[in-house]
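Only one structure is covered here, and it is reproduced in the block below.
Order of the sequence lines fixes the chain letters, A, B, ..., with proteins taken first and strands second; residue numbering starts at 1 for each chain. Note that the structure is predicted; figures quoted are calculated from it, not measured.
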There are 2 protein chains.
Amino acid sequence: MALLERNERTFIFAMTQEHRTKQFIRNAARRLFAEKGYNAVAMRDIAQSIGKQPGGLYNHFASKQAILVDLMVENLERAHKAAIAPIDPDATPLQNLEAFVRGHIHHNIENPDDIFIAYMELRSLEGDGAQAVMSKRDTYESALRSILQAGHDSGAFLLTDPAIQARAILSMLGGITVWYRQTGPQSPADITECYVRAALQSVGAPYSPPTKRPNDV
Amino acid sequence: MALLERNERTFIFAMTQEHRTKQFIRNAARRLFAEKGYNAVAMRDIAQSIGKQPGGLYNHFASKQAILVDLMVENLERAHKAAIAPIDPDATPLQNLEAFVRGHIHHNIENPDDIFIAYMELRSLEGDGAQAVMSKRDTYESALRSILQAGHDSGAFLLTDPAIQARAILSMLGGITVWYRQTGPQSPADITECYVRAALQSVGAPYSPPTKRPNDV
DNA sequence: GTCTATAGAGCGATAGAC
DNA sequence: GTCTATCGCTCTATAGAC
């Protein structure tokens with residue numbers, strides 16, 4: 001009955017009991033929200049999956065909603081580091097687009113549950129948490145739009161509208177998480193190459209796959 | 001209190017009262033499911049929005065789940081007519097891809113609520129209804145994959161994997177509905193051209209927008 | 001076919017002992 | 001910090017009058 005789940009991503013040591021339990025709650029909620037959807041998961045379910053009683057969860061999070069906001073904000077901060085940080089003002093639009101797309105895809109493949117929640121549960125956000133998350137999402141989308149605009153202005157990209165194109169690319173890449181779960185044979189490297197090519201070619205840019213980069217994920 | 005909503009899409013005349021009410025339920029459920037999500041909508045909400053009492057809905061649908069399945073199946077049948085019917089075995093892969101993409105986009109823009117539900121509420125399906133819907137979705141995806149495979153084999157398309165590429169394109173086009181609701185300035189024609197170009201170019205195919213086709217939607 | 005009324009279950013969140 | 005117990009609410013679906 002009491003399933004104390006191991007967290008695959010976060011190594012836990014030298015942590016107070018409070019922090020440890022809070023992290024267990026995050027991990028259980030992440031998995032359950034992604035699997036069943038926020039509305040279909042009860043606080044009881046989260047408590048049961050970490051071998052605790054429902055009431056105790058409120059010692060760590062003020063509400064079920066607070067857990068969702070915590071997961072979404074943390075994920076968006078990691079996404080920024082993965083996709084926006086590599087953008088270089090001195091590089092070409094094509095180099096920046098490939099850097100953004102590779103960072104984004106890498107983050108998606110490494111954090112499938114978080115990405116799935118980010119796409120599916122926007123509607124479940126309420127009040128201040130909703131505004132905070134939306135604002136971070138806008139920043140993210142703006143970064144891609146700026147790259148596309150630069151490539152459009154310089155003639156490097158062939159596209160009709162940078163704003164729509166940014167959304168089209170993000171939608172396409174967002175689908176990775178949906179399909180990745182169901183996917184059998186394709187490796188992460190295969191998926192990455194396919195999507196990088198599709199994204200770059202979608203704006204008329206050329207793409208040649210790396211001949212052999214042995215340590216690519 | 002009793003808001004008898006007009007349906008914008010389905011003209012209702014010479015219908016029995018039973019059929020009329022059933023259609024009102026469909027329309028109200030479609031709008032509410034798309035707006036709030038299946039799990040967040042109560043039978044009370046649907047009843048209230050058509051000025052009826054909750055219990056009466058069960059004279060027309062066996063369960064809330066049955067309403068969702070009804071909407072999804074009907075939508076998929078219309079999507080097949082829009083995107084798969086125009087495929088011509090004697091045409092080139094490029095012609096078929098453009099026909100499929102245009103039909104798909106047109107269907108998406110004309111049925112934003114249905115498309116949104118189709119993407120967001122797959123997890124809410126249970127039992128037989130889930131299998132029926134999944135099977136129809138697979139057929140749809142297969143049709144696009146076949147076009148891509150043909151273009152890949154003939155050398156007309158430049159892509160890494162037809163199966164992944166089919167999902168990438170469908171994900172990209174599926175995003176239209178998400179953004180379309182929030183969109184201000186762009187017209188359906190602008191959105192269509194931008195997405196047709198992105199989809200065709202994503203497989204390395206050339207694209208020139210139609211110079212002037214006055215009656216395009 | 002629609003109504004009123006309600007059964008039966010599950011939900012988020014809180015109170016207070018330890 | 002975790003437990004037990006429970007409050008107050010909402011939900012889907014049904015029963016039976018009209």
Side-chain angles (χ1 to χ4, degrees), chain A residues 1-5 12 14-29 32-33 35-71 121 123-130, chain B residues 1-5 12 14-29 32-33 35-71 121 123-130:
Chain A
M1 168 133 50
L3 301 172
L4 279 171
E5 313 252 346
I12 297 175
M15 261 186 175
T16 66
Q17 179 64 28
E18 176 186 352
H19 288 157
R20 203 202 304 275
T21 301
K22 190 163 183 174
Q23 194 58 41
F24 282 144
I25 294 172
R26 279 198 191 89
N27 296 336
L32 288 168
F33 288 168
E35 182 188 338
K36 303 175 190 296
Y38 176 77
N39 266 304
V41 173
M43 292 296 266
R44 283 169 176 76
D45 301 329
I46 300 172
Q48 189 179 11
S49 91
I50 61 171
K52 295 267 160 69
Q53 293 302 315
L57 302 186
Y58 292 88
N59 290 316
H60 303 279
F61 290 95
S63 64
K64 183 182 168 189
Q65 175 78 196
I67 305 178
L68 179 63
V69 172
D70 180 287
L71 290 175
E121 304 298 351
R123 277 186 307 191
S124 303
L125 289 169
E126 305 156 9
D128 290 349
Chain B
M1 169 133 53
L3 301 172
L4 278 170
E5 314 252 344
I12 297 174
M15 262 185 173
T16 66
Q17 180 65 26
E18 177 185 351
H19 288 157
R20 202 203 306 274
T21 301
K22 190 164 184 173
Q23 193 58 40
F24 282 144
I25 294 172
R26 279 198 192 90
N27 296 335
L32 288 168
F33 289 168
E35 182 188 338
K36 302 174 190 298
Y38 175 78
N39 265 304
V41 173
M43 293 297 264
R44 281 176 180 75
D45 302 328
I46 301 173
Q48 189 179 12
S49 90
I50 60 171
K52 294 267 160 68
Q53 293 302 313
L57 302 186
Y58 293 88
N59 289 318
H60 303 280
F61 291 96
S63 64
K64 183 183 165 186
Q65 177 77 197
I67 304 178
L68 180 63
V69 172
D70 179 287
L71 289 176
E121 304 299 352
R123 279 185 307 189
S124 303
L125 289 168
E126 305 156 9
D128 290 349

Neighbour count >12 (heavy atoms, 6.0 Å) for atom NZ, B:Lys36: no
Looking only at the side chain of B:His60 (C-beta and beyond, no hydrogens), which of the listed nucleotides C:dG1, D:dC3, C:dT4 gets closest? C:dG1
Does the side chain of B:Gln23 pick up a donor-acceptor pair with the side chain of B:Arg26 at under 3.5 Å? yes
Nearest-Å distance, CG (A:Leu57) to P (C:dT14)? 13 Å
Do any pairs count as a ring-ring contact (aromatic ring centres under 6.0 Å, His included) and have a residue in residues 43-69 of chain B, sequence neighbours left out, and if so which ones? none
Contact between A:Ile50 and A:Leu57 at the side-chain level, heavy atoms closer than 4.5 Å - yes or no? yes
Can you tell me how far C1' of C:dG10 sits from CD of A:Gln48, to the nearest Å? 14 Å
Expressed as a whole number of angstroms, how long is the span from A:Lys36:NZ to C:dC11:P? 11 Å
Distance in angstrom units between A:Ile46 CD1 and C:dG12 C1', rounded: 11 Å
Which parts of nucleotides 7-13 of chain D does protein reach within less than 4.0 Å, heavy atoms only, written one letter per nucleotide 5' to 3' as B for base, S for sugar-phosphate only and - for none? ----BBB
N/O donor-acceptor pairs under 3.5 Å from side chains in residues 38-46 of chain A, not counting sequence neighbours:
from    : atom 1 : to      : atom 2 : distance (Å)
A:Tyr38 : OH     : A:Gln65 : N      : 3.2
A:Tyr38 : OH     : A:Gln65 : NE2    : 3.3
A:Asp45 : OD2    : A:Ala42 : N      : 2.9

Would you call B:Glu121 and B:Lys64 a salt bridge, taking side-chain N to carboxylate O under 4.0 Å as the test? no
For A:Phe61 and C:dT14, give me the distance from atom CZ to atom P, rounded to whole Å. 16 Å
Expressed in angstrom and rounded to an integer, what is the separation of A:Leu32 atom CG from C:dG12 atom C1'? 16 Å
